[in-house]
Structure formats: C-alpha cells, structure tokens
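What follows is one structure encoded as structure tokens, with my remarks underneath.
Chain letters run A, B, ... following the sequence lines, proteins first, then strands; residues in each count from 1. No experiment lies behind these values; they were computed from the predicted model shown.
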2 protein chains.
Amino acid sequence: MLAFVCFIFVCCTCFMCFTFYAAIHFIICGDHCSLTYSAGALGGGMMLQGLSVDSSGPSFTPLVVVELVSDAKEETIGWLLNKIRDQQHDGGAELLVEQLGPGVGAQEKENPNLFLVGATWQRLLSGAEDVGLFKESTDGSMRAFTCANKHNFKDFGGDGDGFLSMAECQYIIKHELDTLRAKDETHVPGYKQAKLYPGKSIIRRLLSKRILIQIFPLHDKEELKRLSFSWYKKVKLSLQPLDDIRHYYGEGQALYFGFLEYFTFALVPMALFGVPYYLFDWEDYDKYVVFAVFNLIWCTVILELWKRCSASLAYRWGTLSRKKAFEEPRPGFHGVLGFNPVTGREEPLYPNIKRQLRIYLVSLPFVLLCLYLSFCVMMVYFLMEGWALSVYDQEPTFWTGVLLFIPSIIYAVVIEAMNLIYRYAAEFLTEWENHRLESSYQNHLVLKVLVFNFFNCFASLFYIAFVVQDMVLLRQSLATLLITSQILNQFMEAFLPYWLQRRRNKKMIRKVQKRRILEDKELPLAEQVRLEADMSTYLGTFDDYLELFLLFGYVSLFSCVYPLAAVLVVLNNVTEVYSDAFKMCHVFKRPFSDPAANIGVWQLAFEAMSVIAVVTNFALIGLSPQVKTYFSDSETHLILWTVAAEHGLMAFKFILTFLIPDIPKHIQIKLARLEFESLEALKKKKMLEASELRKMVQ
Amino acid sequence: MLAFVCFIFVCCTCFMCFTFYAAIHFIICGDHCSLTYSAGALGGGMMLQGLSVDSSGPSFTPLVVVELVSDAKEETIGWLLNKIRDQQHDGGAELLVEQLGPGVGAQEKENPNLFLVGATWQRLLSGAEDVGLFKESTDGSMRAFTCANKHNFKDFGGDGDGFLSMAECQYIIKHELDTLRAKDETHVPGYKQAKLYPGKSIIRRLLSKRILIQIFPLHDKEELKRLSFSWYKKVKLSLQPLDDIRHYYGEGQALYFGFLEYFTFALVPMALFGVPYYLFDWEDYDKYVVFAVFNLIWCTVILELWKRCSASLAYRWGTLSRKKAFEEPRPGFHGVLGFNPVTGREEPLYPNIKRQLRIYLVSLPFVLLCLYLSFCVMMVYFLMEGWALSVYDQEPTFWTGVLLFIPSIIYAVVIEAMNLIYRYAAEFLTEWENHRLESSYQNHLVLKVLVFNFFNCFASLFYIAFVVQDMVLLRQSLATLLITSQILNQFMEAFLPYWLQRRRNKKMIRKVQKRRILEDKELPLAEQVRLEADMSTYLGTFDDYLELFLLFGYVSLFSCVYPLAAVLVVLNNVTEVYSDAFKMCHVFKRPFSDPAANIGVWQLAFEAMSVIAVVTNFALIGLSPQVKTYFSDSETHLILWTVAAEHGLMAFKFILTFLIPDIPKHIQIKLARLEFESLEALKKKKMLEASELRKMVQ
C-alpha cells in the first residue's frame, strides 16, 4: 500500500513538474509581446555603433550608470566628475561622464544624481591592456591584448570600434573607476567623515559611506533581445548559446550556465538507467547494489571531465591564463590605518589574530548551535512522522495515506525557511569577521552556508538510512524533500522577483503614458535607465550553485534507493535553465562581467560531496539485503569487505583524479607555446641589445 | 622467552648501530690525514680567485670537464671546440676551453681528449640572466638577476667576480653547453651516423651517440675541505651547514640534507615517547592505542610543516619563484623527425598512444608479475619461519632461539637483493617506454620502484599483522627487517664505493710518486682532473629518498607495536647524515647543482604513505586487546566505531592539509610584493610611453 501511495505521489509530482515547466514556457512565450514592448527601448541611444545621447557635450555611448544619493553635495559631485574626467597622468580616469536628464514624467522624488559613464575607443583599448584582457589573435591562439600589437588580433579593424564587447567595455570602465585613487585629499569634499588617504580607492570609500548608491552596467536591449531569443525562446531543442551568454554577461555567468548544462547532460544516463529500475520489479529495494556502484563511478568521472570542459571554455574565452590583479580591500573592510606590507601603501590593517578569534570563538560556535537546532527540528519531524504513521495504521484510508506525506512536506518547507534565515545570519557574521579580500569573504560565507545547508537537507536522510535503516521511509522522504524544495526554489527564485519586477515595469510605463503618447511603445533613455536602476541587483551565482550542489547531493548520495531522483533533477535542471535565463534577462539589473577561469570553490565543494557519496553508497551497499544474504554467515565479514572495497575505490578515485589531466592536451600545448614564444622573444630582445652595445663600443 | 630473546636481539642491534656509527666516525677522522694529503690539490689552479692554468691562451679558471672518447676524430673535436668558443650571435656559446695537458705519469692508455671549460665573468653574468638565477638584492628580497640591475644585488662589487658561487657558474656553463644548437649541419662532422637537424642540442646528440663520455664539474678542494670540516668533522653537536651545502652542491642536494635533518628531528619526540613505552611494563602488547593515535597525528603534522620549511629554504635559496625553462627532450629519446607543436622546431616525435600501450601492456603486467613473485618469496619465508618455530618448540635452547631470527634475516637480505635487481629492470623498462622529458622519465621510474619496494618491504608485515594477527611475530619481523636493511644499506651505499675509490686514489698517488717526488703531497691539476674523471658518478638523490621513504613507512605504519623503531631510525639517520656527507665529498664526482624548489614527487609519496598509515594504525587499534575488551559484547560495533573514527580522522587530516598554508605568511607577503612591484613598474613604463607619445604629437 505504502509503495502504491509512493508511486502515485511520484506520478503527481512528475505531473506537477511538467505543468510547472509548461507554465514557465507559456509565461515566457506569452511574455513575448510585453518584451518586444520594452525591448529595443534604448535602441536609439544605447547601441554601440556610435550614436550619441541627446545631451550636450561630446558624443559618447553610455555604458555604466553611477547613482549618487539624491542629497549629495554639489561640491562632492563636481569633485568626483572631475576625477573621472581628468587625464590619467593627473590621477584621473580619463572617462566621459554625463548627468542623466530628467525623465518624461519628472517628479520631485526622482533622484537627479544619475550619471552615465562612457569612454572613447582609444581609452577603452588602453584599459583593456590595463586589465590584461585576452583576445583571439590572428593565428587562432589567445593572447593578452596590447595596444602595440593591436593589429595582430582577430576582428580588429579601423579604430577598433566593435573589437571589444559591451560587457568587456563595462568591465574596463568598472576597473578604471575602482582604481581611481585619492592623492592628497584627507576626506571626500563635502563629507568630513568620509576619510581618505593617499592611494585609497575613491569609489570604494563613497560606496562604504553610502554617498554612492550603486554602479551598474546598462542593458543593451537589441542584443538582449537577440540573446534571449536564441537562449530560451526558440522552440527547437538545442544547446545554450554559451558564447553569446559570455559575450553579454561575461565568463562567470557563462561558466555557471555551462556547468548547469553539463550537469544536466551528465545526469541523463543515470536518469535513463533509473527509469526502468524504478518502473519494473527491480523495485523491491534489494537490487540497488548495481545502481550504487554505477553512482560511485559516475560522480567521480563527471567531476573530472568537467574540469577539462571548464578549462576548454575558459581557454576559448581567454580567462584561463589571465593573471589575477592585486586585490584591493573590500568596501566594508575597516581597521587602523597602517602600511600594507605588499604594496607599501597606506591602508587600514586589521590583525589576523583578531579575525581568527572571531572565527573560532564566535562564528564556529554559532554554526554548531545552528546545526544543533537543525537537529532538534529533525527530531520533531520524526515525532510527527511517527504520529502520522500511527494514525494511518489505525485507519488506513486514502486521506490518512496522504497524511503520511504531510510531515515531510512541512519539514521541507521548514528546511527552506531555516536555510534562508541562516543565510542572513551567515552573511552578517562573515561581514563582522572583517575579511580584507572579497574572495576570502566569499570563501568563508560559502563554507558556513554549505555546512549548514548540507546538514539541514541531508541529516534526516542519513538518520533514516543508517540509524532507522528503513529504506521505504528513506525513499519517501527523499522524494518529498527533493520535489518540495525544487518547487519552493523555482518560486522564490524566478516567479516572485519576476512578479515584483513586472509590477514595477507596468507602473513606469503607465506613468510615461500619462504624460505623452509613446511612438513605438519604447521607453526613452532616461526612463529606461531609471527603470533599470530600480531593478533588483543580481547577487552572483552563489544561490544557483548552492541549489545545484544540493541537487547533486540528492542524486549522488541516495539515488540508488530512489532511482527516479535523477529524472526529477534532470527535469528541474531543464526548467532551471529557462527560469535562470529568464531572470537574468528580465528580472535583474545587468551584472558586471566577472572574468572567471573556473567555478572556483564550488569545484571543491562538489568534489567533497563526491567523496561523501562514496562512503554513503558503500554504507548503503553494506545495508542492502542482497549483499547481506551473500554474507549471511558473518556480519563482521560483510562489514570488513565493504570497508575494504570502499578504501579500494577511494584510492582508485584519487588515482583517477591524479591521472586525468585537468587541462586537455591540445590546450596545454597552446599554453606552452605561448610561454615559449614569450621566452624566445625576451632572449632575442636581449641579444639585440647586446649586439647594439657591441657596435657602440666599436 | 621470546620477548626476552627479542629484547636481547634489539640490544645487540643497538650496539651494532653504535659500533657502526663509531666506526664510520673513526674512518672519517682517521681519513683526515689522507684527505689533507689530496685536499687543496687544485689549490693553485682551481681556486676561483682568478689564477690561471699553466697552459697557453687567455687565463681562465677551469670549471667543467668535457671528456670525449679517446679515439674521437680531430675534425669533430675542432668543430666542437669552435662551437664552444664562437660568439653567441654566430650560434656559439662564447666560453673558454682548453685541452688538459698530459699528466705526470703520462701513459699511452690515458685519454688525451679531456677539455677544461671556463668563462669570463661577463659571460657568466649574462648566463646567470639566461638561466633566470635568483639572487638576494640589497633590500633583502630575492630577485631574478639581470645584468642591467646588477648593482642592486647584495655582494655585487667590482666586475662581479665572487658574486656567483662556483656551483652556480658550473650550472650556467652546463646550461650554455646544453643549449648549443646545430644550425645547418646534417650530422656531426666525422660521424655520419650522428644525425643533426636545425635546433638539435649538440651535446645531447654527442652524449646519446657516445662520442662524448661525460661532462662533470670540478671539485674545489679548498672549499670542499672547509665544507667537510663544518659538515661532519666537527665533534660538537650542531645542525648541518645547509647554506654551505647549497653553495657547494646546489639546491637539490641541500634540500635532501635539509629533509633528512628535519625528518630526524621530527622523529625525536616519537623516540622519546617510545623508549619508556618499550622499557617498562607497557610492553604487554595491548597498550599501543595511545601510541597509534600519536603516530597518526604526528605523521600528518610533520609532512605539513615540512612543506612550509621547504618553502622557506627554497625562498632563501632563490628557487621558489624561479621559472622552469622549456624542457628539452632527454638524450635517450628517439622517434620520427617532425615538428614540435610547442616550439615549432624540428625534433623527434614519438606518438603518445604507443607509449601508453607500452606502459599499460608491458610495464604494468611486468610490475604485477614482480609483485606476485615477491608474494611467493614471502610465502616461502613464512614456511621457513614455521619450520624454525617448530624446531624451537621441540628443543628450546639459546641457539634454537637465535635460529628464530634467521629466516627474518635471510628474508631481509633477499628483499634487498630483489629491490636491487628490480631497480635495474625498472630502469630498463622506463627507458624503453621512451619518455620525452627527463621529469616524466623520473616520475615513471619513481612510481615503479616505489610500488615494488613498498610491497616487498611491507607485505610480510601486513600479512602478519592482519592475516596472522600475531603481534609478537610482527614486532620481531619489524625489528629484524629494519635493522638488517639499515646495515645492508649503509654498507652498499657508503663503504663499498668508498673502499673502491680509496683503492683507485692510492694507485694514482703511487703512480705519481713513482715519477717524481711530490713537493707538498698534492696532486697536480692534470692528475687531479683525471682522478675525478675516474670517480663514480653520483646518480642523484633517488636512492637516498627511497631509503628515507621506507624508514618513514616502518615508523608510521607499525611503530605502535614496536616503539623502538623510531629510536633505531633516529640512530640510522644520524649515521646516514655522516655517511651521505662523506660519500658526497669523497666518493663521487661533484654533481651539477639542480635548482629544486621542493622535494618534488617525494612529497606526494610521503603523503600517500601517511594516508596508508592512518588506515593501518586504525586497523591495529581495532585489533588491540585493549579496544576489544571495551567492545566485548559486539565485534560489529567495534569495527563500525573503528571505521567511523578512521573516516573522521581522514577528513580531519585533509581539512588540516587544506588549512595550513604551504608557504609561510611572511614569504607569501614577500612574493606578493615582488609581483606587485613588477606590475607597478610595467604600468609606470606604459604611462611614460603614453606621455612621450603625447608630447611628440604636440
């Protein structure tokens, strides 16, 4: 009976998934008209072909918007604009900047301090050299761009307009703004409390003192329209246009979508393997050994292959051998002014020992406390579960059968809520730990969130599997957790922000329509910029990766007892591609591109999960009735053999990781050639100098 | 009774060790006179202070000896010498080279084709820039040497003589000789079969065709005398003079001795912990749990700390951030002529797939076969062991008690012999695999030798510990294996070569004395060079590291059941320092220095051993009577808890590895500062260029 209810339930959830998928597709397609409605809004002013904004001053293409607080002092604004406009050798950024004119429906509460920043092509090219951009050269290899050799690069023609993508231009402008440094100012003019010291990044100080609200890049409606069409509006099955995504959003985003796609394809064999396993009579809980072994090999191999895949993508996008620049302290970092031992510049210093104390004496106990709380909640869930089961046993009807699933669903919702609350606490704590670098802040945040989410999501499953040892309950809990969390996630992640944004969008259009009749139903530049300024800010790929990480956990840890998990995850991933693409294009502000060469700390997280998966799967194998009958005479032998096999496979896994090169051979050769050529060039240069010297002596 | 015999035996072996140590010390000290006899022989001609050889031509200090076959054709010799002397822009090496005059007792069978190579200081300095040498600059940081900034380096005065150590000069000359390339020659003049192609290293071709017998650097007797005095002839206890060793032998050697010293000190706490454990009544085989836990933590921590130690040394010696140059194919590499995809130069190519086939279809089965053979030998040993035990049981006298140890001793000798034979087979096979790079050849050789030696040395111990489960026998076998192999090793490694060399030395002196009376009992240059040419060639640190690896294995795997192992290994290491130092100074030709930044593949090998140690120690803990009584009710619980604890510790170990930074903070800061400075310099240069351009336009 229980198995039957379970099956029905799964069918229902599958149906829900499909409906959900259809719904999202419908919304996207239905949205088509409203999209064309606003798409191309900036067509006149925003396209990169060199059309100018209809404002006085030199003609330029606005790329980035800088928003100051509405009551910012004139003095400050003038000083900042001068800094941005000044020549580089005077310590300026040599960029173009214009104030945004008032919108059509200009109201008093509208913020007048929105500035559009752009640059000449020459400036952008020299900026590209500053940030160490890699572009494809005429011989097909990726090389660091230099102005001196600009004609050796592919697609470089004329003055170089069209050579850099808009995302690259925006990244360069952000970098140039970020490296705008104070010279001898002791504070921001007009704000005595905003202290400056020689070498301090002005933008970071303005941000940390909240004089600067935000800096964000503008969308290019034309390109976005093309991208969204090829990405998710086409009906035919095709791969994602990763190169276009990278072109528009940068490498970090494109790598996420690449990983999502890769992960989905990697799951397909498992899903195909899982369906017959589930549907036919292999379902009797004791045949999962083969599946567990398959699981083990699968999760090792796919992670190794992903590294190669990621290296190929990063090479093609020119981020693989790009050098990391020296990292500035993050805006929120504070401390006593001193001298940085690396740069020798004045900079706030914060003793490492204090940070360590905060981490080990406050953050660590807090995390442990949260884990304990989560454990308590789990215990309450088991009490509820037991109660539901006793009700069902007393009166086994359809409704009491459904009741069996209620505790799991409630638990899944509570887990999601706890994860959300914990996330805020973790952010606060990590902020308080006062990390100097953004990367170190991110790593500590990821670690905190990962540990808690892992425990929260999987503790109950581990408990059921290894303490209660009830495979039926495990299967049921897994299905409920997986499906509920998927539905909640999609809702929180895409629908809610989309709905909010849609309301905002409509309000803006109504407001504009009130004042004048739109000719081609497009918003004028000023309105579009203001609309984008009000959009939610995309907070990076953190949550998206976290979701994939948990899904990977469900599949790799327990899918042998519930083979349909892979199918569900594949379905979820397909909808995820659409909903993520949709939210990137229409819900959030355009993010600055991030020149990532790999998925960073997440690779490590996934690998850690795959190690845990080996242990878990072997433990499940050891518990399986199939294996138990084989070792029916001695339980000790069973355990010893299981442990030995586990150690063997773990060793094999590490050897495999070692043997499979992380970078494909052909890319290794290309990288080696580049290095060799630069060495040879250096040698030749030295030789020339020496022979010139010799001639001079003679 | 058995325990008593065991104790007696250990005492005996300790005594032997001490005697051995005393003996080696006596020999070294006794040797003092004979050393002064030959020391300083080259004083007149070899010292770097600029005294010249008594031959015609420009005065120079001979640094490296090139020995051609005695019947080398005049044409070839002339061509090679011209290549070495030619200007760099004509494709030569611009070095100084002289033929060595005939010795005092010149005989017909003496090889006349010995050449001394040197260089001017200017050439050596420009060579130092070529090889990317790091030297200490005046501000205390390590920087890549460039001729342009030569006065910013510490100890650089005058023309720069004395700035480079002799080992560095010899390394530079070797590099310049190695990169002497063919231009349009199709073969070596005089040898039609020695094919050349544009870009082929001439020296490597001459070596592979055996026209060139050897290239070796000369000893500096004065410096060697000082070094050997501070190294091993002082009576007072002190650390090794690692900086002097590095100065004379280069970084690779110095790192080995550094590691040996570190390893010895790391063992001291364990030895101190082990002695009372062994001597008092903790000896009753069931109290080893504490020791096993200590063992586990110890071997993780020391390896992590060594990485930091090694990074500190490598930074001080300037090899940490030194860039690897492009690796040439090794001399023995052969294949069809084609174009290297990296350099674009002509070079033999050998398909990777063929090499993989050779590795997986021949080498791997061969290694497995050898392992099987070793297993068979082990089984024979157990038969012998059983027989000896039965004899002892029938007639328990002192002599039959001693007989008990005979099989172990025989087995230890057989193991050493098998290791030796296998070593040759492994070298042959790895050569046959035809690796393009020396590094890849070394890695494959190390892997083959390690796996076999590990199995050969430890299989019997594992068998006794986990199949027979006889801790007394384990203890006895471990002691016998450890002590026998130590004695054999010291004998094979130092005494035998020393004795051979001594004979050769005496013969030479007698020969010289026959002809003329030596004034100050020193050999003249020609004789000294010929004597050194006849000395054995030092084959690198491979065998030394292998020995340490096996000792580390004995200590980390099984020392909890035989706590005295650490003491024995400490004793062995102390004698090892002396015997290795002695053989480096007096038995072998001086090796070329090797700019190593770490101990390379051995770090990995030691770490793999420490992982195996965790598993082994937990298994031993699981087997200990102490733990067994605790879990007396259920064996299953015992195993499960042991496995759980093992997994926990393994996870902790990996987290620890991750948390402890490999490079100490203060060195990280120095490296970051260097990188930052070079970035800033580049930026400043670009800025200058831009402003100049602007001026020109105006």
Side-chain angles (χ1 to χ4, degrees), chain A residues 87-89 126 129-130 132 146-148 179 323-327 340-345 352 466 604 608 611-612 615 619 622 634-636 638-640 642-644 646-647 650-651 654-655 658 665-666 668-677 679-680 682-683 686-691 694, chain B residues 87-89 126 129-130 132 146-148 179 323-327 340-345 352 466 604 608 611-612 615 619 622 634-636 638-640 642-644 646-647 650-651 654-655 658 665-666 668-677 679-680 682-683 686-691 694:
Chain A
Q87 299 268 312
Q88 274 186 288
H89 55 88
S126 95
E129 194 175 335
D130 285 349
T146 55
C147 289
T179 52
K323 270 189 191 161
K324 280 254 168 80
F326 179 76
E327 257 189 291
N340 182 308
V342 173
T343 59
R345 287 185 193 147
N352 200 30
F466 302 118
L604 204 71
V611 170
I612 298 172
V615 180
S634 159
E635 206 179 6
T636 314
L638 163 68
I639 297 174
L640 284 179
T642 311
V643 170
E646 187 232 320
H647 279 82
M650 202 76 102
F654 280 104
I655 292 171
F658 197 76
K665 188 85 183 171
H666 66 105
Q668 275 179 19
I669 288 178
K670 279 180 187 163
L671 292 178
R673 186 163 59 205
L674 226 66
E675 202 170 326
F676 177 77
E677 277 172 18
L679 271 179
E680 287 294 293
L682 209 74
K683 217 183 273 173
K686 230 197 91 191
M687 212 88 128
L688 263 175
E689 282 173 7
S691 73
R694 200 172 288 122
Chain B
Q87 299 268 311
Q88 273 186 289
H89 55 87
S126 96
E129 193 174 337
D130 285 349
T146 54
C147 290
T179 52
K323 270 187 191 162
K324 278 254 165 84
F326 179 75
E327 256 189 290
N340 182 308
V342 174
T343 60
R345 287 185 193 147
N352 200 31
F466 302 117
L604 205 71
V611 170
I612 298 173
V615 180
S634 160
E635 206 179 7
T636 314
L638 162 68
I639 298 174
L640 284 179
T642 311
V643 171
E646 187 232 321
H647 278 82
M650 201 77 101
F654 279 104
I655 291 170
F658 197 75
K665 188 86 182 170
H666 66 105
Q668 274 178 21
I669 287 177
K670 279 181 189 165
L671 292 179
R673 187 163 57 204
L674 225 64
E675 202 170 327
F676 177 77
E677 277 174 16
L679 271 179
E680 287 294 292
L682 208 73
K683 216 182 273 173
K686 231 197 90 188
M687 213 85 130
L688 263 175
E689 281 173 7
S691 73
R694 199 172 288 122

Side chain proximity check, Thr343(A) to Glu680(B), heavy atoms < 4.5 angstrom: no
If I compare all heavy atoms of Leu638(A) with all of Thr642(A), which pair ends up nearest, and what's the gap? O-OG1, 2.6 Å
Need one label for Ile669(A): side chain, backbone, both or neither, based on atoms under 4.5 Å from any heavy atom in chain B. both
Atom pair CG (Leu640(B)) and OG1 (Thr636(B)), whose distance is rounded to the nearest 0.5 Å: 6.5 Å
Rounded to the nearest 0.5 Å, what separation is found between the CD1 atom of Ile639(A) and the CD atom of Glu635(B)? 9.0 Å
Between Gln668(B), Glu646(B), Gln88(B), Lys670(B), who has the most heavy-atom pairs with chain A when the cutoff is under 4.5 Å? Glu646(B)
Please find the pair of heavy atoms, one from Val342(B) and one from Asn340(B), that lie closest to each other, and give the distance. N-OD1, 2.6 Å
Proximal component of Leu604(B), with respect to chain A [non-hydrogen, under 4.5 Å]: side chain
If one checks every heavy atom of Val611(A) against chain B at 4.5 Å, the contacting part turns out to be neither
Pick one of side chain, backbone, both or neither for Ser126(B), based on which atoms fall under 4.5 Å of a heavy atom in chain A. both
Side chain / backbone / both / neither for Glu677(B) at chain A, heavy atoms under 4.5 Å: neither
For Thr179(A), which residues count as a side-chain hydrogen bond (donor to acceptor under 3.5 Å, both in side chains) partner, sequence neighbours excluded? none
Taking Gln87(A), Lys665(A), Glu129(A) one by one, which has the highest count of heavy-atom pairs under 4.5 Å against chain B? Glu129(A)
